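I'd like to ask some things about the structure below.
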Amino acid sequence: MDCLFCNIASGKIPSKKVYEDDLCYAFYDIDPQAPTHFLVIPKAHIASVSAVTPENEAVVGHMFSVIAKLAQELGLDSYRVVSNIGEQAGQSVFHLHFHVLSGRDMTWPPG
Ligand code: AMP
Ligand code: ZN
């Protein structure tokens, strides 16, 4: 399977790295929607939140502790974490990712 984010996580496709460990990879979005906009992905392929199961859920908790740590390190005191699931919700890459957006006023509800 040729997956863009699997190729980014493995370094086959270059990206602007924010953070990496054995389980996950974080990098700046190529089309930022806020002054700070990065993505956190698991290294192992998971298609979206809808493919999270008891077998792979640990990496999701880990990704959230990484988000909290990175936000602290980057000095983000207010930010939004978003995951789009399915085309109607705006998912365009079918490898689980959490968007972290910060640095501007946000509206609610999201569009
Ligand atoms: P989504 O549309 O929620 O699936 O999010 C996919 C995100 O990946 C979008 O915000 C894109 O701008 C971003 N993206 C696509 N290709 C790349 C890339 N090569 N490097 C960094 N971000 C990318
Ligand atoms: Zn993948």
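We count ligands from 1, going down the list as the structure has it; atoms in each ligand are counted the same way. A quick note: this is a predicted structure, and the numbers were derived from the prediction, not measured. Side chains included, hydrogens not; waters and symmetry mates left out as well; all remaining heavy atoms used.
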To the nearest 0.5 Å, what is the distance between CZ (Arg80) and CZ (Arg104)?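 That separation rounds to 8.0 Å.
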How large, to 10°, is the angle at the Zn ion (ligand 2) when you draw lines to ND1 on His45 and to SG on Cys3?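 Taking the Zn ion (ligand 2) as the apex, I get 110° for this pair.
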Interfacing atoms of ligand 1 (cut-off 4.0 Å, heavy-atom, Leu4):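 Near Leu4, meaning under 4.0 Å from one of its heavy atoms, ligand 1 has 16 (N).
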List the closest protein heavy-atom neighbour of atom 8 (O) of ligand 1: residue, atom name, distance to the nearest 0.1 Å.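 Looking only at protein heavy atoms, the one closest to atom 8 (O) of ligand 1 is Phe5 CZ, 3.4 Å.
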NE2/His95 to CG/Asn7 distance, rounded to the nearest 0.5 angstrom?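 Here the interatomic distance stands at 10.0 Å.
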Proximal heteroatom of His95 relative to the Zn ion (ligand 2) (N/O/S):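 Result: ND1.
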Side chain, backbone, both or neither: Tyr28 near ligand 1, heavy atoms under 4.0 Å: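 Tyr28 to ligand 1: backbone contact only, side chain stays beyond 4.0 Å.
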Which of the atoms in ligand 1, numbered in the order shown and given with their element, are less than 4.0 Å from a heavy-atom of His99?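 By the 4.0 Å cutoff, the relevant atoms are 1 (P), 3 (O), 5 (O), 7 (C), 10 (O).
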List the closest protein heavy-atom neighbour of atom 1 (P) of ligand 1: residue, atom name, distance to the nearest 0.1 Å.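 Checked against all protein heavy atoms, atom 1 (P) of ligand 1 sits closest to His97 NE2, 3.1 Å.
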Short N/O distance, under 3.5 Å, between Val93 and ligand 1?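 For ligand 1, there is an N or O atom that lies under 3.5 Å from one belonging to Val93.
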Flag Asn84 as yes when one of its N or O atoms lies below 3.5 Å from any N or O atom of ligand 1, and as no otherwise.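 Such a contact does occur with ligand 1.
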With heavy-atom distances below 4.0 Å as the criterion, list the atoms of ligand 1 near Asp31.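 Near Asp31, the atoms of ligand 1 are 12 (O).
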Taking the six-membered ring where the residue is Trp, are the ring centres of Phe5 and Phe27 under 6.0 Å apart?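 Yes; Phe27 has its ring centre under 6.0 Å from that of Phe5.
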For Phe98 and Val60: C-alpha separation, side-chain torsions, deciding distance, then whether side chain to side chain contact (heavy atoms under 4.5 Å, CB included) applies. CA-CA 10 Å; Phe98 294 113; Val60 178; 4.1 Å; yes
Derivation and outcome, side chain to side chain contact (heavy atoms under 4.5 Å, CB included), residues Val93 and Ile41: CA-CA 11 Å; Val93 178; Ile41 65 174; over 6 Å; no
Closest non-hydrogen protein atom to atom 2 (O) of ligand 1, residue and atom name please, with distance?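 Nearest protein contact, heavy atoms only, for atom 2 (O) of ligand 1 is Ser92 OG, 2.7 Å.
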How close does the nearest protein non-hydrogen atom get to atom 14 (N) of ligand 1, and which residue and atom is it?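 Of every protein heavy atom, Ile30 CG2, 3.8 Å lies nearest to atom 14 (N) of ligand 1.
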Run Phe94 and Glu87 through side chain to side chain contact (heavy atoms under 4.5 Å, CB included) and show every step you take. CA-CA 9 Å; Phe94 288 80; Glu87 277 173 28; 3.9 Å; yes
Distance in Å, Lys69 NZ paired with Tyr19 OH, rounded so as to fall on 0.5 Å steps: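 The NZ atom of Lys69 sits 5.0 Å away from the OH atom of Tyr19.
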Candidate with minimal heavy-atom separation from atom 18 (C) of ligand 1, of Val82, Asn7, Ile8: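 Going through Val82, Asn7, Ile8 one by one, Ile8 has the nearest heavy atom to atom 18 (C) of ligand 1.
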Close-contact set for ligand 1 against Gln91 heavy atoms, below 4.0 Å: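 Ligand 1 atoms under the 4.0 Å threshold to Gln91: 4 (O).
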Between Ile67 and Tyr79, does the side chain to side chain contact (heavy atoms under 4.5 Å, CB included) criterion hold? Intermediate values first, please. CA-CA 10 Å; Ile67 288 168; Tyr79 55 99; 3.9 Å; yes
Do you know which two heavy atoms are closest between Leu39 and His37, and how far apart they sit?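 Closest approach of Leu39 to His37: CD2-NE2, 4.0 Å.
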Would the number of heavy atoms belonging to other residues, nucleotides or ligands and lying under 6.0 Å from CD of Gln72 be above 12?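 Atom CD in Gln72 is not packed in, count stays at 12 or less.
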Are any of the N/O atoms in Gly90 less than 3.5 Å from those in ligand 1?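 Between Gly90 and ligand 1, an N or O pair is found under 3.5 Å apart.
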Provide, to 0.1 Å, the distance between atom 13 (C) of ligand 1 and the closest protein heavy atom, together with that atom's residue and name.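 Of every protein heavy atom, Asp29 OD2, 3.3 Å lies nearest to atom 13 (C) of ligand 1.
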